[in-house]
Every structure is written in C-alpha cells, then in structure tokens.
Amino acid sequence: LDEPHLARQRDALDACVSKMDRPQRDLLMEAYQPQASIQKIATRSGRTVGGFYQWLHRVRRLLLDCIRRELNRETLS
Amino acid sequence: MNFEPDWETLLARHLDGQTTASDMAALNERLRTDAQARSEFAEMLNLDSALAAMAGGYQTRVRATSYRMSWPRITAMAAMFAVLATSAWLWWMPHAPFATVLSSAGSALTEGIVLRGEIQDLQAGTVELVTQRGARVVIEAPAAFRFESAQRLHLLHGRAAADVPPTAKGFTIVTPRGDAVDLGTKFGVDVTTQGAAEIHVFQGEVIAQPKGSGKHQSLRDGEALTLQPGTGAARELRPAAFIRSDEMASLSAGLTAGQKARSENALAALRHDPALIALLDFESAEPLPGTYRLVQGRWPGSRAPEFVNVGDHMKLDVGGDKSWPRLTLAAWVRLDQLGEPYQSLYHTDGWQEDKPGQVHWMINRDTSMRLALRQNTLAPGAKEHDGYPDSRTPVLPERGRWVHLAAVYDASAHTVRFYFNGAFDQEVRLAVAHPARLGSAQIGNWNQRDRKLSGRVDELLLLGRAMTDAEVRALHAAGNPYR
C-alpha cells in the first residue's frame with residue numbers, strides 16, 4: 001500500500017460513484033458537504049441518525065469494493 | 001460493558017466521528033497489531049477524503065457525463081504515511097467533527113451530538129465531550145465555547161475540566177486571558193463572565209501562556225494560576241469548582257430518577273413549616289447582599305453562590321427577633337479541602353459582644369464540622385479537645401462533590417447532633433447550653449478574622465426546631481442530586 005496506489009484508488013472513485021443511481025449519489029454527496037447536518041439529512045431521507053450512518057458505511061464499503069475491482073481490471077488489461 | 005465492537009463497527013464509528021474513548025483504545029490496538037487492518041484503514045481514510053473533496057465541488061443537477069473533477073493535492077497523504085509509521089493514525093480526519101457528546105446531565109447537548117466549529121451556548125446542566133483525539137472534556141453551564149479544532153477549545157466563559165490521554169497531548173483551552181496547553185494530564189479552566197481566567201492542574205503538567213506576554217509558565221499537580229498579563233498569580237487549587245467525568249454518571253442518573261422534583265416537593269413542604277426561620281435556595285431574582293459569584297447549583301439551570309477569594313461572603317439577617325432553644329441548620333455544599341483553620345458556613349456577627357448563644361457553624365482544618373454557640377461549654381469527659389462540639393467524621397470529600405451537612409441543636413436536651421449526607425454522625429453533650437441567637441450574620445466569611453469559604457452553598461436551611469434523625473435522612477434523600 002503506497003501513495004501511487006491510493007492515488008489510483010481516488011481516480012477509480014470517479015467511475016464508481018458515477019455507477020450509483022442519482023438519488024443515492026446526491027444523498028452521499030450531501031452527507032460529505034463540509035457543513036452537513038447529519039441529523040437533517042437523515043430525517044429528510046426518512047432514516048434515523050443511526051440508520052443513516054449504517055447506510056453511509058454500507059455505501060463506503062460498496063465503493064471500496066468497486067474501486068478495488070476497477071484497479072484489478074486495470075492491472076489485468 | 002465488556003462488549004468488544006468488531007472491526008466494521010470501529011471503522012464506521014471512526015469515519016463518522018462517533019468514536020468513544022474505549023473505541024479509540026480498541027482501534028489503536030487493532031491497527032498496532034494487524035497489518036491488513038492498517039491497510040484497509042488507510043484505504044478507507046483515502047476514500048473518505050476523496051469523497052469529501054468530490055462533495056466540495058458537487059452540484060445535485062444533471063451534468064455532462066464526462067466531467068472531470070480536479071482532485072486537490074492532498075498533501076496530508078504524505079503526512080499520513082509518516083503518521084502510519086509512528087502509530088498515530090487517528091489525527092487525519094479532514095471533514096470529521098471535532099468532538100462528540102459522550103453524556104449529558106440536564107444539558108441541551110445530548111449524547112451523540114457531534115460538534116464542529118460553531119459556538120455552543122450552554123445555559124443549563126453539564127456535558128461531557130470526547131474530542132477526535134480522545135480528550136475528554138466536562139463543561140458546566142453557564143458556559144459558552146467553541147472548538148477551533150479537535151485540539152483547541154475556546155472557552156469564552158464557564159468552566160471545563162479535561163482528561164487528556166497521550167493521543168491528545170497538546171490539547172489547549174483558549175481563554176480571553178491566555179491559553180492552557182496540556183501535556184497529557186487532568187486539568188480545569190474556569191473563565192468568569194468578566195473574562196478572568198484560572199487554570200487548575202489536578203494531575204500532570206500544563207503550560208500557562210498569558211495573552212500578550214512572552215512568558216510561559218509550567219504548572220504541575222496541585223498548582224493553580226490566575227491568568228493575567230505578565231506572569232500569572234498563583235492561587236489555591238479549587239477542585240470542587242469542577243465537575244469531572246466520574247461524577248457525570250451519578251448526576252445523570254439522579255436527574256433521570258426524578259430527584260429534582262423530589263427536592264422541589266421537599267422544599268415546598270419546608271416553606272410551610274411553622275418553625276421555619278429561613279430557607280435559601282438562591283433562585284430568587286433578588287440576589288442577597290455580599291461578594292460572591294453566582295454559578296450553577298445542584299440542578300441544571302439552578303443557582304448557587306460560589307465563594308472564591310478571601311473576603312467573599314453573603315450577608316444574612318434572620319431570626320434575630322427571638323432566641324431559639326432548638327435549632328436545625330442544614331445545607332448542601334460543594335467545598336474544597338483547604339487546610340486553613342476554618343471554613344465559615346454561617347457566622348453571626350458580634351463575637352466581641354460575647355452574647356451567649358451566638359451561633360457559629362463552620363468546617364475545621366481537619367474537615368470535621370463544628371457548631372459552636374458562644375458561652376456554651378462541653379460536658380465533662382468530652383473527647384473534643386478544642387472545647388467545641390465537632391463531628392466525628394470528616395465531612396468534605398477530597399474531590400469536592402455535593403454533600404449535605406446538618407447540625408441539630410437542643411438547648412433543653414444539652415446536645416448537638418451532627419449529620420453527614422443524612423446519616424447520623426455523633427452527638428456531643430453540653431454542660432452549659434444557652435438558647436441559640438441568630439440575627440445579623442454572614443455565610444463564607446467572618447467579621448473578626450479572615451475565615452473564608454472555598455466553594456458553593458446550595459439550599460441553606462435554618463429551622464427553629466430540632467429535626468429528628470428520620471427527618472434529616474429524608475431531607476438528604478429528597479435533595480440528593482446523585483443516584
């Protein structure tokens with residue numbers, strides 16, 4: 001694990017995020033805004049704060065798996 | 001509470017800024033011992049930061065599919081590698097909250113709330129926070145504060161007590177008069193509404209940096225300082241001024257158990273007692289005359305006078321119209337152990353006039369409680385060598401928590417009975433026992449000599465009859481802020 005590898009992961013993130021459906025992507029981006037109120041965002045999305053954090057972590061997991069696959073695909077091709 | 005959160009949970013909590021102190025320890029341990037965990041941790045932080053960078057320029061509108069984000073140069077990544085090597089990964093959270101609320105005793109900031117840089121105006125109660133670096137801070141109302149970062153807390157006014165582990169070494173509390181930089185210890189900072197600031201070191205070392213002067217001063221265990229231009233002025237430690245972590249649980253539990261309502265009912269009943277001389281709860285809009293600070297009492301949003309400097313006092317003039325053959329004195333107090341000859345709870349004026357029965361209620365140097373009436377004498381065979389009725393047990397806990405003190409005087413029975421937290425302590429027998437005289441008096445000081453008080457008094461009761469053991473016990477039980 002080194003810096004070039006992490007940089008390639010960041011590049012792959014672009015492709016992975018664009019694979020998400022629009023509402024999910026928007027919600028994810030909202031949560032990562034600098035002044036985000038997780039409380040407000042969670043309520044608007046119909047979740048409890050705890051439920052929202054669970055969703056957020058699932059999304060991150062999925063994105064990381066997607067990124068790793070992307071990088072594998074690149075090295076194989 | 002020995003449940004060990006799994007890796008996913010620890011990771012999730014850290015990314016969301018929800019890490020508790022024990023999570024911190026478990027996470028540290030896992031990262032130290034598991035290379036795969038370290039690798040995944042780095043990948044997740046990387047992802048997290050990339051998402052934050054992406055979100056910064058993101059617009060929730062349809063855009064051309066081939067847009068290209070320009071990633072900001074994440075120079076922190078290089079720093080992170082240096083940090084990974086030295087086992088201190090937990091610093092690097094670009095968008096995370098600075099602190100999370102761990103627990104609350106009657107404050108508007110409830111458990112789980114995350115704080116960033118906004119100003120918090122705490123009107124009532126007490127809150128315990130943990131910073132992103134693991135520092136635990138207990139802040140008591142009334143207070144105004146904001147975090148500049150996980151390592152810098154601006155305390156505009158109010159009091160904060162911090163417990164700083166090695167991961168948060170350098171944690172700084174910024175006050176209007178200067179900074180307190182902690183080197184890995186426990187300390188407290190008290191800022192008055194006028195901006196005067198004190199630093200109290202309970203354990204370890206704190207560097208005091210008065211504003212505007214180049215001079216830094218090192219403070220150690222048991223030392224306290226008033227921050228002022230130039231070198232600060234050393235002062236006595238006031239541990240009772242600070243609520244700390246270990247007190248939070250019992251304060252919260254007391255509130256949850258409805259102790260505040262029980263207390264109010266007990267006070268309401270006392271107000272109708274025909275023998276009532278005075279019941280001070282210090283809640284009235286009209287403050288009593290004297291020199292003292294008004295700070296929080298036992299209940300969130302309540303008030304209690306705090307006596308800090310020599311000369312601080314409150315004047316009280318009640319019950320001077322008659323003499324009292326039976327008298328109960330009781331108070332909730334939160335005092336420091338001073339080592340001075342006496343701490344003055346309630347002293348009537350006019351010692352020189354030598355009027356028999358003048359009441360003097362105080363705490364002695366050895367922290368026993370004394371109720372002395374002028375010209376009274378002890379019965380033969382009394383153990384008290386000073387010649388005055390003293391309690392047997394010490395009544396001030398070392399850490400300065402709220403305690404209930406009571407003394408019941410019965411001139412016809414020739415006794416003084418002492419109570420500590422509602423429990424009967426001992427009875428002292430008298431040979432000569434004059435009826436008690438009250439009238440013009442002071443709390444916290446005494447005209448004749450510089451006897452002072454260091455701490456708070458809440459709910460002072462003067463009752464013109466002798467309360468029974470059961471009544472004193474009930475009084476303590478009803479008014480107890482702890483559970």
Side-chain angles (χ1 to χ4, degrees), chain A residues 1-42 44-45 47-72, chain B residues 8-18 35-36 38-81 84 94-97 110-114 116-118:
Chain A
L1 187 71
D2 59 3
E3 169 54 21
H5 181 78
L6 290 171
R8 279 200 297 277
Q9 285 198 340
R10 293 196 296 275
D11 291 341
L13 179 62
D14 205 4
C16 289
V17 167
S18 59
K19 285 191 187 147
M20 293 172 73
D21 70 46
R22 191 85 214 191
Q24 304 264 318
R25 196 193 324 167
D26 285 356
L27 194 56
L28 177 65
M29 290 294 107
E30 255 197 276
Y32 269 88
Q33 293 292 327
Q35 303 298 331
S37 156
I38 296 296
Q39 187 101 41
K40 289 204 186 103
I41 296 172
R44 253 207 319 275
S45 81
R47 294 177 179 81
T48 61
V49 169
F52 186 79
Y53 276 125
Q54 276 175 17
W55 174 83
L56 196 57
H57 195 63
R58 266 201 304 278
V59 168
R60 281 194 286 247
R61 250 303 151 214
L62 289 171
L63 285 173
L64 187 57
D65 290 345
C66 170
I67 285 169
R68 285 168 173 165
R69 281 198 307 274
E70 281 289 311
L71 256 47
N72 272 345
Chain B
E8 284 297 319
T9 309
L10 283 176
L11 195 53
R13 280 193 198 158
H14 181 72
L15 291 170
D16 300 326
Q18 307 256 293
Q36 194 150 349
R38 281 202 292 281
S39 172
E40 182 159 275
F41 188 74
E43 285 181 305
M44 267 296 185
L45 286 188
N46 185 39
L47 169 65
D48 192 68
S49 130
L51 283 169
M54 190 191 265
Y58 190 78
Q59 281 163 3
T60 54
R61 233 202 303 271
V62 177
R63 293 176 64 123
T65 47
S66 60
Y67 73 88
R68 187 98 194 108
M69 301 289 291
S70 61
W71 301 110
R73 269 214 68 212
I74 305 176
T75 51
M77 287 305 295
M80 192 183 86
F81 276 95
L84 274 171
H95 77 296
T110 51
E111 194 180 316
I113 286 182
V114 294
R116 301 207 48 170
E118 61 283 345

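Sequence lines set the chain letters: A, B, ... in the order given, protein chains first and strands last, and positions in each chain run from 1. Note that these values count all heavy atoms, side chains included, but never hydrogens, waters or copies made by symmetry.
Within 6.0 Å of atom CD in B:Gln36, 12 or fewer heavy atoms from other residues, nucleotides or ligands are found, so the atom counts as exposed in its surroundings.
Remark: A:Lys40 pairs with no residue by the salt bridge (charged side-chain N to carboxylate O under 4.0 Å, His left out) rule, at least two apart or across chains. Partners of A:Ser45 according to the side chain to side chain donor-acceptor pair (under 3.5 Å) rule, which considers only residues two or more places apart in sequence or in another chain, are A:Arg47.
Considering CG of B:Leu51 and CG of A:Leu63, their distance stands at 6.0 Å, rounded to 0.5 Å. Note that the CG atom of B:Asn46 and the CZ atom of A:Arg8 stand 11.5 Å from one another [nearest 0.5 Å]. A:Met29 CE to B:Met54 CE: the interatomic distance, rounded to the nearest 0.5 Å, is 5.5 Å. Distance check: B:Met44 CE to A:Leu64 CG gives 5.0 Å after rounding to the nearest 0.5 Å.
At a threshold of 4.0 Å, the pair B:Glu40-A:Arg68 counts as salt-bridged, since one of the basic side-chain nitrogens sits closer than that to a carboxylate oxygen.
Taking every heavy atom of both residues into account, A:Arg60 and B:Leu47 meet most closely at O-CD2, 3.4 Å.
With a 4.5 angstrom heavy-atom cutoff, A:Ile38 does not touch chain B via any of its atoms.
Looking only at side-chain heavy atoms (C-beta outward), B:Val114 and A:Gln39 stay at 4.5 Å or farther from each other.
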